[in-house]
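Reviewing the structure listed below.
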Amino acid sequence: MKTLTQTERTQAKITPEKAIELLKNGNKRFLENKLLHRDYHQQLDVTADAQYPFAAVLSCIDSRIPVEVVFDQGIGDMFSVRIAGNILNDDILGSLEFACKLSGTKAIVVMGHTSCGAVKGACDDAKLGNLTQMLDKIKPAIEQTATEDGEARNSGNIEFVNNVASKNVELTIENIKSQSTVLKEMADNGEIAIVGAMYDVKTGLITF
Ligand SMILES: [Zn+2]
């Protein structure tokens, strides 16, 4: 398979649906251990003066999820915003607005993952320095995740933790749309897709 470095011409042809498909195909190659062979030096040359990425992924800092690797993408293909618990703040919103409105990116993927340490910390109400207020941003997802009577609502219950992570993705997408008129408008006009995904740290599978 020939690798392709994104240019103004190739980016313009990618629809929001196609952008998601490209990411799904990349994860499939990762799962099948069939990563594309990329000539990074050639990609450096092509992207030296400008970038035309087709996607932006907001994901966790977790070391087990090198985003370009698990989506099998190269230089100039995608923006990667990483923050513990894939939460949102004004600066991240600004970064996503830059990606979509100014750089022509066609899709935003908010990607949570299983066994997320930040989500576990929030579930356990962990307190530590600046981490405390960061974890507070995950609390709404905890409140909106149901459990059966008697079922633990802490990191000891991994199913609960993963459900909270998934709800957190959902709420982050809602927050993107409610806090950014720029991105909401682009999504409503069909210029971009904003979708959620979960990464399984055991298998490498990304479920959209
Ligand atoms: Zn995490």
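By the 4.0 Å N-to-carboxylate-O rule, K139 lies too far from E143 to be salt-bridged with it. Taking a cutoff of 4.0 Å between a charged side-chain nitrogen and a carboxylate oxygen, D200 and K202 do not qualify as a salt bridge. Under a 4.0 Å N-O distance rule, the pair E170/K167 qualifies as a salt bridge. D72 and R38 are joined by a salt bridge, as a carboxylate oxygen and a charged side-chain nitrogen come within less than 4.0 angstrom of each other. Salt-bridge check for K120 with D124: failed, with every basic side-chain N at 4.0 Å or more from each acidic carboxylate O.
Under the 4.5 Å side-chain heavy-atom criterion for Ile, Leu, Val, Met, Phe, Trp and Tyr, V195 and L96 are members of distinct hydrophobic clusters. Cluster membership for I173 and L93, using ILVMFWY side-chain heavy atoms within less than 4.5 angstrom, is shared.
With N168 contributing its side chain and V164 its backbone, the two residues share no donor-acceptor pair below 3.5 Å. No donor-acceptor pair under 3.5 Å is formed between the side chain of K127 and the backbone N or O of T132. Using modelled atom types, no side-chain atom of E21 and backbone atom of A19 make a donor-acceptor pair closer than 3.5 Å.
Rounding to the nearest 0.5 angstrom, the gap separating the OG atom in S80 from the CZ atom in R82 is 5.5 Å.
Shown here for G85 and A118, the closest heavy-atom pair between the two residues is N-CB, 3.6 Å. The heavy-atom pair separating I176 from V110 by the smallest distance is CD1-CG2, 3.7 Å. Between T105 and Q11, the shortest heavy-atom distance links the atoms N-NE2, 3.8 Å. Minimum interatomic distance between K24 and F208 (heavy atoms only, all atoms of both residues): CG-CE1, 3.5 Å.
A side-chain N or O of E191 and one of N189 form a donor-acceptor pair less than 3.5 Å apart. Using a 3.5 Å distance cut-off with no hydrogens or angles, the side chains of E185 and T181 do not pair a donor with an acceptor. For N86 and S59, the side-chain atoms include no donor-acceptor pair closer than 3.5 Å.
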Q: Tell me, with the steps shown, if E174 and K177 meet salt bridge (charged side-chain N to carboxylate O under 4.0 Å, His left out).
A: CA-CA 5 Å; E174 278 177 24; K177 289 179 181 166; over 6 Å; no

Q.
Applying side-chain hydrogen bond (donor to acceptor under 3.5 Å, both in side chains) to Q6 and T10, what does each step give before you reach the verdict?
A. CA-CA 6 Å; Q6 295 300 330; T10 60; 2.8 Å; yes

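A cation-pi arrangement is absent between K18 and F54 under the rule of less than 6.0 angstrom and at most 45 degrees off the ring axis.
Proximity of S115 to I158: side-chain heavy atoms (C-beta onward) are separated by under 4.5 Å at one or more points. Between N27 and L31 the shortest side-chain heavy-atom distance falls below 4.5 Å. Contact annotation: the side chain of L58 never approaches that of M111 to less than 4.5 Å [non-hydrogen atoms, C-beta and beyond].
S166 pairs by the side chain to side chain contact (heavy atoms under 4.5 Å, CB included) definition with M198, not counting sequence neighbours.
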